[in-house]
Structure formats: structure tokens, C-alpha cells
Protein chains: 2
Amino acid sequence: MTSITHENLPELVTRELSNKIIRNELKPGERIFEAKIAQELGVSRSPVREALRILERNRLVEMIPRKGVRVTKITAQHIKWFYDIFEALYGLVARKAAENADSEDIGNMSVALKKIENAAEKGDIESYFINIFEYASVGMKAARNPLLEQLIIELWPSSRRIQFSSLLFRADDLKKNVTYFQRCSKYVEQGNALMAEKVIQEYARNEEAFALKIVNGDKK
Amino acid sequence: MTSITHENLPELVTRELSNKIIRNELKPGERIFEAKIAQELGVSRSPVREALRILERNRLVEMIPRKGVRVTKITAQHIKWFYDIFEALYGLVARKAAENADSEDIGNMSVALKKIENAAEKGDIESYFINIFEYASVGMKAARNPLLEQLIIELWPSSRRIQFSSLLFRADDLKKNVTYFQRCSKYVEQGNALMAEKVIQEYARNEEAFALKIVNGDKK
DNA sequence: ACATTGTATACTGTCGACAGTATGCGCTGA
DNA sequence: TCAGCGCATACTGTCGACAGTATACAATGT
């Protein structure tokens, strides 16, 4: 163990495995062996087991008792299931944000929005992806439902995984996507809960369509 | 361990602790000690730790690294947060069920509905509670979104906990509640997704109001 | 050749022990 | 009397080892 850090091992292992799965270095359906991971990262199996429980919650792996752990698959079906939930939960966030945001929240959202706009302008996809999560984050703060926030954050790794494959192919429609966030911010400022929710739902369907195009092999 | 069963220890520990928390034998805010639980159940700390991770996912406990595990609180705020999500997720279930249910699903729902009606008629609260989860279960099968199903099932222990305190006080309005399920079933049969969703949302708000009455001390 | 059974092996499940850290209490000094 | 410090202790974190089980492969019989 070379680690000098103060952070705990399960989180470290989680992050490491999480990245490998999101980047598709660990393939869907692939088996994960506790001992192998433990050895690779220079820790014992205990923190690995903890990490696997966390990854299970993130829907990145599936644990079957006495049968082991596998990386979850992502088929077109999975993507539809995921975005139906995405639509419902983020729709709720937008609605609640429109109802509850104070001037500070609105300020934060506007800052986050600017970062998205800049990234889109420059075509910086990496920065764009970081900042849409930042935008979601301040939006969730404004919605004032920590339980909802938790649920969504636990699904973020799945979001990232689905979006990762798109990452390389979508430089073109980045600017179109920005308009969703701009409209959302506008409605939140106006306190128009109904429209804020609608815009985000539209955005979700758009993301879904894009993700489906990718898995269906219409890529490039 | 006297257990002859083939079931795994983490599940056993989870169930045991789960029941204690739901029945309010372990109080909100109370600390849980791994070693103590392990000794009580005659197992080592490993399966207890696994169980605690599961309970964390069920929102029954909160784990703070190096600080230990506590039973989560349930304030009026928590209940509002919970039912906002409840409304969104079950609303989605109802909508999707109305869109996707085949005749077998509708048959199953009708059987489950009858059981609820019987329980309500007899004023058998225990049976009523068992059967509304059964109804939800067949409804979720009809909705054909296993991810959504997972998310909801993981929240069930929280549902049970919130409803447990109500359990003794609500014999009176059981029959009124049944009408929600009756209307829901009707709309699902008709394929009326919009109204099915609306009914369930109404039901959620009604449950919320009841739970809030309880925690606010208007009980009895 | 193919099915069936036995066996080897490699993985998960569980344990007990040790290490490290947070917390409360008592001691000391102003 | 009270603040600050240090120590004791009890808990969580991590480990390595052993036990039990699923699986693949080989051997045997038909």
C-alpha cells in the first residue's frame, strides 16, 4: 500500500472500477473477480467487496450470491428504461426548482449555464460533460429534495456510461442541447414549474434518441 | 447459528435489522454497532457490514465513514421528500402499465385488487398492507421497466416504515383508499395512461397527508 | 460418439485478529 | 472554575486464512 491519502479504500476502489466500466475497459457482461481487483489495487478483498456493493447501487454491476459479480449490460432496452426514469426524476427536479429556487440558486444556475455555453461554443466536449453535471447539481440544490438528489446522483455513473460512447460523436449538436438548459433556466427564473418540467422531459427524450442511435450502430 | 436454511447471512441480517427499524424498535437517530448486532445474531461482522450497505440503499440507515451507522430520521420534511418521489415513480409505473399491460397482467391486477378489497372489507389491516404491495408488484410487472421496479422495491422498506406508524390508526379510511386502486385498475384496463398516472398521484398525495398527520402528532 | 458422473480447482462466503482512529474522561495548570 | 491537553477505550477499517460451493474438465460406461 503506497497510499498516503486520508481517503478510504472502498471509495478508491469504487472510483477505479467505476472509471474502467464507464470507459468500457471492463466490458458489459464481463465477470469481476474480487481477488484479482484486490491484487491489482494492492488492497485486501474487504474494501473491494464494499466497493462492489456501491457499484451495484450505481447499476454498474450485478451481484449474484455465490455466482459472482458481472458488469451490467446496456442494450437499447436498458437505455429506454433508464431514460424513462431519467425523465421522471429530472422532471421532478425542474418542477421543484421552479417552485423553490431563491435568487442565490438562480445565480448559481446562471453561472453553471454560462460554463455550459462556453464549452459548447468551444466544442470542448469534456468540459461540456463536466458542466452539465454541475448544472444538474445546482438545479438539484434549488429543488430542495435531498432524497431525490441522492437517488439521481446514484444513477450518475450509469448516465456517464451511457453518454461516454456518445462523447466522441456528438460535437455537432452540442449547441442545440444548450438551448434546453437555457430554456430550463428561464422557466425556473419565472417560476414556471410546468414548462421547466416539460423542457427537461424533452431534453431526456432527445438524449435517449441519441443514445439509441449509438447502440443501434448508426455511429459516426 | 441454528439456521438450517440455505439463505445467505447478509439477507438474514438485513431482514432482521429491517424489521427492527420498521417496527421502531431501533429508533431514528440511534447508533448501530456492528459487533453488537453480530453477536446478537451469532454471525461475524462481515455479513453485518454487507447488510448495513443494503440498509443504506433502503434509506433505513446512514453510514458515515469512521463514525459509524445511524438509523435515519423521519421528519415531516423527510415524508414530503419521500412522497414527491413516490408520486413521480409510481405515476410512471401506472402510465407505463396502462400503455403496456396485456390480458394476463390485467388478470393479475384484478386478482390482487380483489385481495385488497377483501382485506379492506374485513378491516384486516395487516392483510391490506401485504396486498397493496402485491398489487404494486403486479402493476410494476405490467409496466415492463425492471430498473424502475428495482428502484421502487429498494424504497419499499422506507414505505413500510412510514406506513407502520399509521397502521394502527387508519382502519377507518381503508375503504376510501381502495377506490384509488379500483380506479387505477380501470384506467389500466382502458389503456388510459394519463388518468392512471393521475389517480396514483392523487393516491400518493393522500398517503402523504395521512403520514404527515401522524408525525405531527394529530394521532388517534 | 455421447451422456453421466466424479473430481479438481478456483472463486465467493465467513471468520477472527490486528491496526488505526474518534470520543469521552480525567488530569493538569491558569 | 474552566480551558486545554493527553490518555484510555471502544468502535470501525483492513487484513489473511479457512470453509464451502459452483463449474469445468476428464474419465468412465453405454
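Just the heavy atoms: all of them, side chains too, but no hydrogens, waters or symmetry mates, feed the values below. Throughout, a chain's letter reflects where its sequence line sits, starting with A, and its residues are numbered from 1.
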Is [X] atom [atom1] crowded by more than 12 heavy atoms from other residues, nucleotides or ligands, each under 6.0 Å away?
X	atom1	result
B/Glu62	CD	no
A/Glu30	CD	yes
A/Arg23	CZ	no

[X] has an atom [atom1]; how far is it from atom [atom2] of [N], in whole Å?
X	N	atom1	atom2	answer
B/Asn8	C/dC15	CG	C1'	16 Å
B/Arg45	D/dT12	CZ	P	7 Å
A/Glu11	D/dT14	CD	C1'	16 Å
A/Ile32	C/dT12	CD1	C1'	14 Å
B/Arg66	D/dA10	CZ	C1'	15 Å
B/Phe33	C/dT23	CZ	C1'	11 Å
B/Gln39	D/dT12	CD	P	13 Å
B/Leu12	C/dG13	CG	P	15 Å

With the threshold set at under 4.0 Å for non-hydrogen atoms, list the residues of residues 48-60 of chain A touching DNA chain D in residue-number order.
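Those residues whose heavy atoms fall under 4.0 Å from DNA chain D, taken from residues 48-60 of chain A, amount to none.
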
Does any part of the side chain of [Y], heavy atoms only, come nearer than 4.5 Å to the side chain of [X], both counted from C-beta?
X	Y	value
B/Lys73	B/His78	yes
B/Ser18	B/Leu55	yes
A/Arg161	A/Leu60	yes

Give A/Ile64 one of three labels, base, sugar-phosphate or nothing, depending on what nucleic acid heavy atoms sit under 4.0 Å from its own.
nothing

With a cut-off of less than 4.0 Å, is there a side-chain N or O of B/Ser46 near OP1 or OP2 of C/dT14?
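It does not, given that no N or O in the side chain of B/Ser46 lies less than 4.0 Å from OP1 or OP2 of C/dT14.
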
Is the shortest side-chain N/O distance from B/Ser44 to OP1 or OP2 of C/dC15 below 4.0 Å?
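So the side-chain polar atoms of B/Ser44 do come within 4.0 Å of the phosphate oxygens OP1 or OP2 of C/dC15, strictly under.
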
Would you mind telling me which of C/dG13, D/dT14, C/dC15 lies closest to the side-chain atoms of A/Pro65?
C/dG13

Listed partners of A/Tyr203 passing ring pair (Phe, Tyr, Trp, His ring centres under 6.0 Å), at least two apart
A/Tyr180, A/Phe181

Assess whether salt bridge (Lys or Arg N to Asp or Glu O under 4.0 Å) is satisfied between A/Glu197 and A/Arg95, documenting all intermediate values.
CA-CA 5 Å; A/Glu197 186 176 19; A/Arg95 198 170 80 228; 3.0 Å; yes

Go nucleotide by nucleotide along DNA chain C from the 5' end; which of B/Pro47 and A/Glu34 gets its closest nucleotide reached first?
A/Glu34

Is there a side-chain contact (heavy atoms from CB on, under 4.5 Å) between B/Leu52 and B/Ile32 once you walk through the steps?
CA-CA 9 Å; B/Leu52 290 173; B/Ile32 293 180; 4.3 Å; yes

Under 3.5 Å between N/O atoms: give me all the protein pairs with nucleotides 23-25 of chain D, atom names plus distance.
{"residue": "D/dT23", "atom": "OP1", "partner": "A/Lys67", "partner atom": "NZ", "Å": "3.2"}

